[in-house]
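Following: one structure in structure tokens, then a few remarks.
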Amino acid sequence: MTPYDPKSIEEKWNKKWLDEKVFKVANDAPGREKYYQLETFPYPSAAGLHMGHPKGYTAEDIHARFMRMHGKNVLYTMGWDAFGLPTENYAIKVGRDPHEVARENTDNFRRQVQMFGFSYDWDREIDTASPEYYKWTQWLFIQLYRRGLAYRASAKVNWCPKDQTVLANEQVVNGACERCGTEIEEREMEQWFLRITDYAERLLGDLKGLDWPEATIKRQEDWIGKSEGAELRFALNWPTPWMDIVFATNNRGKFERMKKLIAATGLPVTLKMPADIGVKDFDVVEDGGTASANAQKKARALAALTDLPVLADDTGFFIAGEENLDPVTVKRNALGGVDEKTLTVEEVAARMQEYYQAIAAKHGGKADAEWRQTLCFVTPEKAVVCEDAVRPVTLTAERRGEFDPTLPLRGLYIPKPTGKYPAEETEEEEMRELAPIVDAVKRLLTPSIKVFTTRPDTLFGATYLVLAPEHPFVSACITRGAIDNLDEVTAYAEAASHKTERMRQEEAKEKTGVELKGVRAVNPATGEEIPIWIADYVLGSYGTGAIMAVPAHDERDGDFAKKFGLPVRTVIEPLFTDTSAEGAVKEGVPMVERNAIMAIVKHWSEEKYIGLQWKKVDWQTLITGGPENGQTAEEGAVQEILEETGYLHPKFLKKLGRVHSQFFHIPKQVNRLAHFDVLYFELQDDARREISEEEQGIHEVKWLTPDEMDRFLSPEAHRFAWREFLGGPQLYTGPGVLTASGDLTGMDSGTAKRKMVEMVGGTMKTQYKLRDWSVSRQRYWGVPIPMVHCDACKAAGRGDGIVPVPDADLPVVLPPLENYRPQGMPPLASSPEYINVKCPQCGADAKRDPETLDTFVDSSWYFLRYPDPHNAAAIFDKDKVAHWMPVDLYVIGAEHTVLHLLYSRFITKFLHDEGSIDFTEPFTTLRHQGLIMGADGAKMSKSKGNVVNPDEIVGQYGADATRLYLMFMGPFPDSTPWDPKGIQGVERFLKRLWRYAEGAIEKKMPASDPGAKRALHRAIKKVGEDIPAFKFNTAISALMIMLNELEANAAAPLALADFADLVKIIHPFAPHMAQELWSRMGNGTYLDFAPWPEYDPALVAAEKIRLVLQVNSRTKDAVEADAGITAEDAKALALANMKITAALGGAAPKRVVYVEKKLVNIVI
RNA sequence: GCCUGGGUGGCGGAAUGGCAGACGCGAUGGUCUCAAACACCAUUGAUCGCAAGGUCAUGAGGGUUCGACUCCCUCCCCAGGCACCA
């Protein structure tokens, strides 16, 4: 046989595998179970393959080949995530078309990947930058748009000044661009967003049950960042209410009624009609819109013409099965174009009746309706202060009767709650009708601040409010100049607006803020007036942008209060729960509540205090005990001091706070919930009486300095009490028992949360940190956004003028562009041929959206394409995807714990909801690969010069050796440095294996030596267990151990039949060599479809064992023994052993421990 | 600050309650060779000892156990993540 020549062997088999399409996988393979392995498709950079790529790929290839040998039909593929910034930037640098550059990069990657011999089905190769693929990315985007999950919004976005594009939150790392490291800026821009937040709860909930690394699940949970809490309203004490409000109606009658009503409330407000402020025409009500939307439009239109706040109202109703109709539309429809003024009231009523009957008839005479009144306010700042106060009024059965087509309608309006035409209503009825509007006016005049809190139970301790500097109320204050320290507030808000979130975070150590002087809020629980501050430690983008500050029970609020001298009010007495092994609360044991005392006792002359060291349990405490019935806490404490220490003259000085503690009371065997009063005493003198023997046995009295005491006390409750005694009120953020909280005092904080919210009329609310996904990119090399902006449609009121490109016109092909460099505007915008298009909806001149999609959109669905990669008619065939999905195994770098995985899960859930797929999670099992560091232990980078080039390594050692070393370096999920010498170890192994194979194939032994066969079978077992567990390093070690043992008897190699098994278990790791040997053994088949060998349990379990003999756990000897040896015999064997008897030195064994098949330990 | 992982020879690492350091790299000595490379053999945690044998060793300290790298407590250090999210 020839010497081992990896180059020729590898080239030969790589070619055969490709040419013969050995790994082409059929969608349907009778008798073979499907197994879908997803490979992280690479971003083909100009730098070529990084060693990290083949590390993950080798692991999956080993696994894929292993699964095939276990009879699975394995879908295992490769593709290219070819769109993206680096390629574009590189193309700019070298002055070429990104299309060309990308193709070359992809070709180079393909060549490099193929030299490793990965067993992909190359017929399923995909490329996200090919129109065949991105047609469906565009299609997907349009589906999201149609479901309202893709929308345009103006938002503060992360702008990378170097790349001239927007980045998703997830792509900003430490305030810098993930790709190029440039510090990002914040810009206000109109962007496309995907509404991933709609899926927050499901994205969180479905994480349970996935076979994913814990840490990754945790990171996704943190990213979604759910917190459950409440929204509470703090009314403002506002000394300068608005005096004038414009009522957005031209109906004089309606106006007069409203004016009367408002006057009746006594509020200091004057209602004006638009005409009063010189506005004649503002009515923008259109056909078809909902009453709510129309009311808002009207109000906004009017607000644009005035500085006064605007009150809008409208009424409307809904008829089951019909579009939402506003009264204007209904009346217009009913009158059929006839001018109302030419008709009598009766005639109008008759037409309405007729129209109504028609609707009822259409629904089988059962038209059901719901009446709504809608209102909104628009302030001078154009912000909607009180929006869309829709009051649905479900009609009563009696009222429904009025819809009986046989009954005449009594008014022009479709029935209102009173069922009367306004003119017929009594004042009282009308009052009731307009009550929601009057309420809202009141609210406008006494504005309030809404806060989000997870601790509503601490409301009594809220001593001030803090608003984010960008809170709308702050700008309202500034605009109206309604506060006393206008300049100061303006300066602070101004300064904050120029800081990025990044800068704010860097300054996080020191809290800053300014009080809004002249305004105060009312704590809804205490009724107390509290100050309002603005500070940038409160984020405008989370919750309501405002918080109630509870400095006693929140660290940040505590810091802030300390710095600005704000009041701190303790409202939670801490409850500590013992979590130690013995002390933890036990399930199924009753909880006994008890009042107790804790006494701090000072020495009569020194600065020392009494601590108790318990003797039977590992406790160090203060003096504690339970007062007996009828005793006051003070009396009880005096008694405990006497009993436990013998001191006769403690002088009570003061009562400190209370602490609570729950734990398992070991002596009493019950769960104890103890409520401690903490009392402080000083001893008058050293007079002391002998303490009982019983007490002496329980604990010992220790005199400790304050420092010693702090270290001494073990239970948290005691330590807390001590620290509070020494340092005053301590910040406590945990659960506890309410104090100084009115009626809720004494309640546990958990229960109090709900009660408090109920009490002050707040609402329970869940918040998420997750934000919508910004997907617009102002760059060239990406998927064009398949949308058209049509001014004609917009002017005609057909939505916002955004029209999706019809499916038939997809893909919108990315045009070659002479100059595709970013110039502050998206490159595509500079191409008239591309940008100018006829509107697909109305045919007018329109413009294409000039932006491209974030490449994470491309990769968020690629795993759905492999099952049906060439489908030109649909994104995929449902049956094929149903067959292959979900992915059974996905190996991915640990850096992809949030972005790609979260987006893919979102898209999967969306397609599930669309009915395209029937699963909700794409990746069942996920494994992470560790990084390959440079030889210097640092991350590989060109600048450090520690990059290892796969071409060179494979060229020098061969693909098999490279694969083997990549897997042998260390545990697969760990990051390990590349050791240039290390690969020589596995190279030697392969050469030795080759030589051994030579002997085995040439000698053709009739039977294998039992020892050799045992070595083989041990390896079969270990490798078979380690591959599915991703423990490739130990699997390879097992193969080496096997070879070491086989070589000891190289003269008598394994018989061919056994050697074949050896070749099979080597095959997943070094497929080229294994296949070559297999072929040289005379096989014409491919090893991939040979069944994995089974190990013989009898062979693996040796008949002889090594029994370790110990004296006092020190090994003295190790002897061979029968595997089936009994405990008795083993012990006897040990006691008879010479080395043991010598070590015993005549001492009598106290105890002999036998561990089955392992050891005998003699204790003396 | 908080949350995850980790900390074992000169190096990568193995062992998840039972002989610590498997396997590999490196190193030292040897065989082969004119020589080198390759290959092969032997040794290789530290320490005391001629040896037999002993002692110390898995970040530090303590605990549980006949027995701890492994379980528990306290602390230190490293890596990664999160970071005013109310």
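Chain A is the first sequence line, chain B the second, and so forth, proteins listed ahead of strands; every chain is numbered from 1.
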**Report entry** Glycosidic conformation of B/G9, taking syn as within 90° of 0 and anti otherwise
**Finding:**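 B/G9: syn glycosidic orientation.
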Query - Under 3.5 Å donor-acceptor pair, A/Lys1150 side-chain atoms to B/C66 base atoms - result: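 It does not, because no donor-acceptor pair links the side chain of A/Lys1150 to the base of B/C66 below 3.5 Å.
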Report task. Assign each of A/Ala215 and A/Ala546 to its nearest nucleotide of RNA chain B by heavy atoms, then name whichever residue's nucleotide is nearer the 5' end. Result ->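 Nearest-nucleotide comparison on RNA chain B picks A/Ala215.
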Query raised in the report: Nearest nucleotide by nearest heavy atom, which residue falls closer to the 5' end of RNA chain B, A/Pro971 or A/Asp557?
Result: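 Nearer the 5' end of the strand: A/Pro971.
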Output the rounded distance in Å from [atom1] ([X]) to [atom2] ([N]).
{"X": "A/Asp554", "N": "B/G1", "atom1": "CG", "atom2": "P", "result": "18 Å"}
{"X": "A/Phe560", "N": "B/A86", "atom1": "CZ", "atom2": "C1'", "result": "14 Å"}
{"X": "A/Lys1031", "N": "B/A14", "atom1": "NZ", "atom2": "P", "result": "9 Å"}
{"X": "A/Ile217", "N": "B/U4", "atom1": "CD1", "atom2": "P", "result": "14 Å"}
{"X": "A/Ile932", "N": "B/G12", "atom1": "CD1", "atom2": "P", "result": "16 Å"}
{"X": "A/Leu931", "N": "B/G81", "atom1": "CG", "atom2": "P", "result": "10 Å"}
{"X": "A/Leu731", "N": "B/C84", "atom1": "CG", "atom2": "C1'", "result": "14 Å"}
{"X": "A/Ile1140", "N": "B/G53", "atom1": "CD1", "atom2": "P", "result": "13 Å"}

Requested in this report: Using the six-membered ring wherever Trp is involved, compare the ring planes of A/Tyr542 and A/Phe452 and label them parallel, tilted or perpendicular (cut-offs 30° and 60°).
Outcome: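 Rings of A/Tyr542 and A/Phe452: perpendicular, over 60°.
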Given the [atom1] atoms of [N] and [M], what is the spacing between them in whole Å?
{"N": "B/C2", "M": "B/G17", "atom1": "C1'", "answer": "32 Å"}
{"N": "B/C32", "M": "B/A37", "atom1": "P", "answer": "15 Å"}
{"N": "B/C25", "M": "B/G13", "atom1": "P", "answer": "16 Å"}
{"N": "B/C77", "M": "B/G29", "atom1": "C1'", "answer": "39 Å"}
{"N": "B/G12", "M": "B/G7", "atom1": "C1'", "answer": "15 Å"}
{"N": "B/U55", "M": "B/G1", "atom1": "P", "answer": "43 Å"}
{"N": "B/C84", "M": "B/C78", "atom1": "P", "answer": "23 Å"}
{"N": "B/U44", "M": "B/C23", "atom1": "P", "answer": "12 Å"}

**Report entry** Results of side-chain hydrogen bond (donor to acceptor under 3.5 Å, both in side chains) for A/Thr962 - residues two or more places apart only
**Finding:**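 Residues passing side-chain hydrogen bond (donor to acceptor under 3.5 Å, both in side chains) with A/Thr962: none at all.
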**Report entry** Residues which pass ring pair (Phe, Tyr, Trp, His ring centres under 6.0 Å) with A/Phe560, listed by chain and number, not counting sequence neighbours
**Finding:**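 Residues passing ring pair (Phe, Tyr, Trp, His ring centres under 6.0 Å) with A/Phe560: A/Tyr464, A/Trp533, A/Tyr537, A/Phe564.
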Requested in this report: Not counting sequence neighbours, which residues clear ring pair (Phe, Tyr, Trp, His ring centres under 6.0 Å) with A/Tyr768? List them please.
Outcome: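 A/Tyr768: no ring pair (Phe, Tyr, Trp, His ring centres under 6.0 Å) contacts found.
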Requested in this report: Would you please confirm or rule out a distance under 4.0 Å between OP1 or OP2 of B/C56 and any side-chain N or O of A/Arg1114?
Outcome: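 Affirmative; the distance criterion is met.
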Query raised in the report: Taking OP1 and OP2 of B/A86, is either one under 4.0 Å from a side-chain nitrogen or oxygen of A/Tyr537?
Result: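 No, because none of the side-chain N or O atoms of A/Tyr537 sits under 4.0 Å from OP1 or OP2 of B/A86.
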Partner lookup for [N], please. Criteria are Watson-Crick or G-U wobble with both distances under 3.5 angstrom; report none if nothing qualifies.
{"N": "B/A79", "result": "B/U4"}
{"N": "B/A42", "result": "B/U28"}
{"N": "B/A57", "result": "none"}
{"N": "B/G67", "result": "none"}
{"N": "B/C23", "result": "B/G12"}

Identify each donor-acceptor pair in which a side-chain atom of residues 1033-1041 of chain A lies under 3.5 Å from a protein atom, sequence neighbours left out, and give them as a table.
from	atom 1	to	atom 2	distance (Å)
A/Thr1034	OG1	A/Asp1026	OD2	2.8
A/Thr1034	OG1	A/Lys1031	O	3.1

Query raised in the report: Which part of the nucleic acid, if any, lies within contact of A/Lys1116, taking any heavy atom under 4.0 Å across all strands shown: a base, the sugar-phosphate backbone alone, or nothing?
Result: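 Sugar-phosphate contact only - A/Lys1116 comes under 4.0 Å of backbone atoms but never of a base.
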Report task. Would you classify A/Arg219 as touching base, sugar-phosphate or nothing, given that sugar-phosphate means primed atoms plus P, OP1 and OP2, and contacts are heavy atoms under 4.0 Å? Result ->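 Sugar-phosphate, backbone atoms only, no base.
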Requested in this report: Give the nucleotide from the list B/C66, B/G53, B/C84 with an atom nearest to the side chain of A/Asp536.
Outcome: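 Of all the options, the side chain of A/Asp536 is nearest to B/C84.
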**Report entry** Among A/Arg219, A/His928, A/Gln220, side chain to side chain donor-acceptor pair (under 3.5 Å) partner for A/Thr897
**Finding:**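 So, applying the side chain to side chain donor-acceptor pair (under 3.5 Å) to A/Thr897 and each of A/Arg219, A/His928, A/Gln220, only A/Arg219 qualifies.
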**Report entry** Set of side-chain contact (heavy atoms from CB on, under 4.5 Å) partners for A/Lys753, sequence neighbours left out
**Finding:**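 Once residues adjacent in sequence are excluded, the partners of A/Lys753 under the side-chain contact (heavy atoms from CB on, under 4.5 Å) criterion are A/Arg455, A/Pro456, A/Asp457.
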Requested in this report: Produce a footprint string for nucleotides 17-31 of chain B: one letter per nucleotide, 5' end first; B if the base is under 4.0 Å from any protein heavy atom, S if only the sugar-phosphate is, - if neither.
Outcome: -BB--BBSSS-----
Report task. Would you sort out whether A/Phe968 and A/Phe1032 count as a ring pair (Phe, Tyr, Trp, His ring centres under 6.0 Å), showing the intermediate values? Result -> CA-CA 7 Å; A/Phe968 186 62; A/Phe1032 306 109; over 10 Å; no
Query - Near-ring test A/Phe989/A/Phe1069, centroid separation under 6.0 angstrom - result: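 Ring centres of A/Phe989 and A/Phe1069 not closer than 6.0 Å.
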